[in-house]
Amino acid sequence: MPALPDQLPDSRIADPRSAPPLRWGVLAPGWIARAFADALRKHTAQDLAAVGSRSAERGARFAADFGIERVHDSYPALVEDPAVDVVYVASPHSEHRDHALLAIAAGKHVLIEKAFAQTAAQAAEIARAAAAAGVVVMEAMWSRFLPHYDVVRQLLADGALGELVTVTADHGQYFDFDPQFRLFNPDLAGGALLDLGIYPISFASFVQGAPTGITASGTLASTGVDGQVSAVLDSTSGLQAVVNTTLFAKTPTVAAISGTGARIEIAGDFYNPQPITLIDRDGHGRRRWDANTIFGHEGLAYEAAELARIVTDGRTESDLLPVAESVAIMGTLDELRRQVGAVLPGD
């Protein structure tokens, strides 16, 4: 059995404060947009230049809370604002395609809240439109840009685990049932997979790439959206990912990657800034990495910094989460919903 390294590698992710500033327009100032704006204010040099809302009251309140000078009462007005370089799309999944295309047509770079779209077909349409317009589009899967993911990335590249065998990840939260709440509402592309399951599915893709086989079982909520899904994702190497998501219970939300020589464990919530532990096959040797200095949803600062660097450097996409991978992940989510019988309007 190979010995564990004396210490784990340092993360190569730069401080988000060092990213050159862009002028951001926030489209749909809901809960996640508030978390995003708070992270940018606290941990970046990014400029929150404008907000667009269909509710004048909500837009004005958001602007006041975050010191934003320009408030628009429509999304077209926001994306056409010459003081905006990049649009952060924070609307429900059902609207991601239309709002991303609106911003792209206005020549704006776009950061689209996860999941990238409702379906793989919509995601591919967004990707084509961005390429044709010469703008950057990126999925706001914030975990991919966090420091601890980069430590895992290096350990995998170094072969520190031996031959990879199993990936496990879960994300479950408990929600009181309300048919109008976005996660139970099919008209808003609700369900566990697009909002919660995207985390373990994206984590599996991070480790194994697109699966070559998918086997899923699930339970629908009474509104017809996927309420719980468990799945096995196969790859040609024999590596299997076992993932679970649910709206019906708070699960540990942990992740692990196990190989023939060692395993990596990420504590819950694994998709937040977290320490990681490398453990040898016998469970005796352990190495821990914990250099995160930004906690919780303040880690959203890293995704904004990544997009700002891409645009400033003249690159077309992120190496940490290429657009083609976001489209492929949507394909996995499509197949999972198909297997459990969750059909959404617009599918």
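On a predicted model such as this, the values are computed, not experimentally measured, just so you know.
For the pair Glu317 (side chain) and Val323 (backbone), a donor-acceptor distance under 3.5 Å is present. The closest donor-acceptor contact from the side chain of His93 to the backbone of Gly190 lies at 3.5 Å or more, if one exists at all. At least one donor-acceptor pair closer than 3.5 Å links the side chain of Gln46 to the backbone N or O of Leu22. The closest donor-acceptor contact from the side chain of His109 to the backbone of Val136 lies under 3.5 Å. Using a distance-only test at 3.5 Å, with no hydrogens or angles considered, no donor-acceptor pair links the side chain of Thr44 to the main chain of Ala301. Counting only distance, with no hydrogens or angles, the side chain of Arg281 and the backbone of Thr260 share a donor-acceptor pair below 3.5 Å. When atom types are taken as modelled, the side chain of Gln274 and the backbone of Asp269 share a donor-acceptor pair closer than 3.5 angstrom. Distance alone, capped at 3.5 Å, is enough to place a donor-acceptor pair between the Thr245 side chain and the His171 backbone. Looking at His148, its side chain does come within 3.5 Å of a backbone N or O of Phe270 through a donor-acceptor pair. Within the 3.5 Å criterion, the main-chain N or O of Phe145 finds no donor-acceptor partner in the side chain of Glu306.
Atom CZ of Phe116 sits about 12.0 Å away from atom CE of Met141, to the nearest 0.5 Å. Taken to the nearest 0.5 Å, the OG atom of Ser205 stands 9.0 Å off from the CD1 atom of Ile198. Separating the OG1 atom in Thr293 from the NE2 atom in His43 is a distance of 8.0 Å, to the nearest 0.5 Å. Rounded to the nearest 0.5 angstrom, Trp289 CH2 and Asn292 CG are separated by 4.0 Å. Taking CZ of Phe175 as the reference point, atom CG of Leu196 lies at 5.5 Å (rounded to 0.5 Å). For the atom pair CD1 of Ile126 and CD1 of Ile104, the computed distance is 6.5 Å after rounding to the nearest 0.5 Å.
Between Asp47 and Arg23, none of the side-chain N atoms (NZ, or NE/NH1/NH2) sits under 4.0 Å from a carboxylate O, so this pair counts as no salt bridge. Using a 4.0 Å cut-off between charged side-chain N and carboxylate O, Arg153 and Asp150 make a salt bridge. Between Glu125 and Arg128 there is no salt bridge, since no side-chain N of the basic residue sits under 4.0 Å from a carboxylate O of the acidic one. Salt-bridge annotation for Lys114 and Glu303: absent, with no side-chain N of the basic residue lying under 4.0 Å from a carboxylate O of the acidic one. Salt-bridge formation is not detected for the pair Asp280/Arg263: no Lys NZ or Arg NE/NH1/NH2 atom is positioned less than 4.0 Å from an Asp or Glu carboxylate oxygen. Look at Asp226 and Arg337 and you find no salt bridge, because none of the NZ, NE, NH1 or NH2 atoms lies under 4.0 Å from a carboxylate O.
The aromatic rings of Phe36 and Tyr88 sit parallel to each other, their planes meeting at less than 30°, with 60° as the upper class boundary. Ring geometry for Phe66 versus Phe62: interplanar angle of 30 to 60°, hence tilted. Using cut-offs of 30° and 60° on the angle between ring planes, the pair Tyr271 and Trp142 is perpendicular.
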Inset, instruction - Report the C-alpha separation of Leu183 and Val225 in whole Å, then their side-chain angles, then the decisive distance to 0.1 Å, and conclude whether the side-chain contact (heavy atoms from CB on, under 4.5 Å) test is met. - result: CA-CA 8 Å; Leu183 293 187; Val225 302; over 6 Å; no
Inset, instruction - Test side-chain hydrogen bond (donor to acceptor under 3.5 Å, both in side chains) on Ser53 and Ser55 and set out the steps. - result: CA-CA 5 Å; Ser53 177; Ser55 164; 4.8 Å; no
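When side chains are defined from C-beta on, Val51 does not count as touching Leu78, because their heavy atoms never get closer than 4.5 Å. Annotation: side chain of Arg288 is in contact with side chain of Thr277 (closest heavy-atom distance under 4.5 Å).
Under 3.5 Å, the side chains of Gln118 and Asp347 contain a donor-acceptor pair of N or O atoms.
Closest approach of Val340 and Ala216 over heavy atoms only: CG1-CB, 4.4 Å.
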